[in-house]
Amino acid sequence: MKVLEVKDLEVRYGGIRALKGVSLSLEEGQITVLLGANGAGKSSLLKAISGLVKPSAGSIQLWGQETRGLPAYRITGLGVAHAPEGRGMFASLSVRENLQLGGFLAPSTELPTRIEEALTLFPRLKERYNQLAGSLSGGEQQMLALARALVAKPRLLLLDEPSLGLAPIISQEIFRTIRQVHQTGLSVLVVEQNARLALQVADYAYVLKTGEVETHGLANDIKGLEQVGKAYLGVT
Ligand SMILES: Nc1ncnc2c1ncn2[C@@H]1O[C@H](COP(=O)(O)OP(=O)(O)OP(=O)(O)O)[C@@H](O)[C@H]1O
Ligand SMILES: [Mg+2]
């Protein structure tokens, strides 16, 4: 079943066309990675899917339903969780409070179990449960962003650069967790600069270039493409 089908999507910021007719689809249970240079439009695409920016043209279907133009909370209600770039945490709230906000649509009786499940994946956060989010290390904040998204029990998880600024070992830990939660049937669309790491974990990959899809294919095939190797894998 198709989780997501984006067609000819355009996003404009005033005179700038950040997305110039992007089409992409994601099958249930897939991990798809979105690669591309800075400014290619990766974050804009995730924001358009989760309703944080309003596209100027094209269509977005989630589980067969047109969602372009719906407010973000309605899209959250359909089962989409977005862990944005820059982590989007409430710095002056504790780990516990941030996790509770992640489950704002959850039945209150279920919330403690969901938080417990998320903390099982990230024992470090458990130790820092009452600490303010703003005082966590970068890696811990990234874990919190992911944990908070999971508390929403999404069917589709949108992750914007989950390993940004992290040491290699922590990045691997984050991706290991992504793979782990994916095994519960979750579909994942992840933007990632570390193409090598992401392509190890992903099933499928899209490469965006200045607002357009440059190429897409199975992660294994994309790994082998010369232009991708040169641009993103440090192959010379
Ligand atoms: N709120 C905004 N107002 C004006 N222009 C914007 C806005 N957000 C993004 N843009 C522009 O849209 C283009 C795409 O930006 P976007 O953030 O989607 O790129 P990206 O691929 O996520 O880049 P990065 O890898 O640096 O995060 C860029 O040229 C950016 O300057
Ligand atoms: Mg971005």
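Both counts, for ligands and for their atoms, begin at 1 and track the order of listing.
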*Indicate if Ile49 and Tyr13 have the same hydrophobic cluster label, given that clusters are the connected sets of ILVMFWY residues with side-chain heavy-atom separations under 4.5 angstrom.*
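Per the 4.5 Å side-chain linkage, Ile49 and Tyr13 are co-clustered.
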
*Establish whether Leu46 and Val190 are linked, either directly or via other cluster members, by ILVMFWY side-chain heavy-atom contacts under 4.5 Å.*
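Each belongs to a different hydrophobic cluster.
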
*In terms of ring plane angle, is the pair His216 and Tyr204 parallel, tilted or perpendicular, where the classes change at 30° and 60°?*
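If you compare the ring of His216 with that of Tyr204, the planes turn out tilted.
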
*Residues which pass salt bridge (charged side-chain N to carboxylate O under 4.0 Å, His left out) with Glu127, listed by chain and number, not counting sequence neighbours*: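 For Glu127, no residue satisfies salt bridge (charged side-chain N to carboxylate O under 4.0 Å, His left out) once neighbours in sequence are set aside.
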
*Excluding waters, which protein N, O or S atoms are within less than 2.8 Å of the Mg ion (ligand 2)?*
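The answer, once waters are left aside, is Ser43 OG, Glu85 OE2.
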
*Who are the residue neighbours of ligand 1 when the rule is a heavy atom under 4.0 Å from any of its atoms?*
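Under the 4.0 Å cut-off, ligand 1 touches Tyr13, Ala18, Ala37, Asn38, Gly39, Ala40, Gly41, Lys42, Ser43, Ser44, Glu85, Glu161, Gln193.
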
*Report yes or no: do Thr215 and Tyr206 form a side-chain donor-acceptor pair below 3.5 Å?*
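On atom types as modelled, these side chains do not qualify, holding no pair under 3.5 Å.
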
*Judged by modelled atom types alone, do Gln142 and Ser163 share a side-chain donor-acceptor pair under 3.5 Å?*
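No donor-acceptor contact under 3.5 Å links the two side chains.
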
_I need the full list of salt bridge (Lys or Arg N to Asp or Glu O under 4.0 Å) pairs touching residues 147-168, with sequence neighbours left out, sorted by first then second residue._
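As it turns out, the salt bridge (Lys or Arg N to Asp or Glu O under 4.0 Å) pairs with a partner in residues 147-168, which skip direct neighbours, are Glu117-Lys153.
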
_One pair to check against salt bridge (charged side-chain N to carboxylate O under 4.0 Å, His left out): Glu28 and Lys2. What are the steps and the verdict?_
CA-CA 6 Å; Glu28 187 165 86; Lys2 275 217 167 38; over 6 Å; no

*Start with the C-alpha distance between Glu116 and Thr113, add both sets of side-chain angles, then the distance that settles side-chain hydrogen bond (donor to acceptor under 3.5 Å, both in side chains), and finish with yes or no.*
CA-CA 5 Å; Glu116 193 51 47; Thr113 321; over 6 Å; no

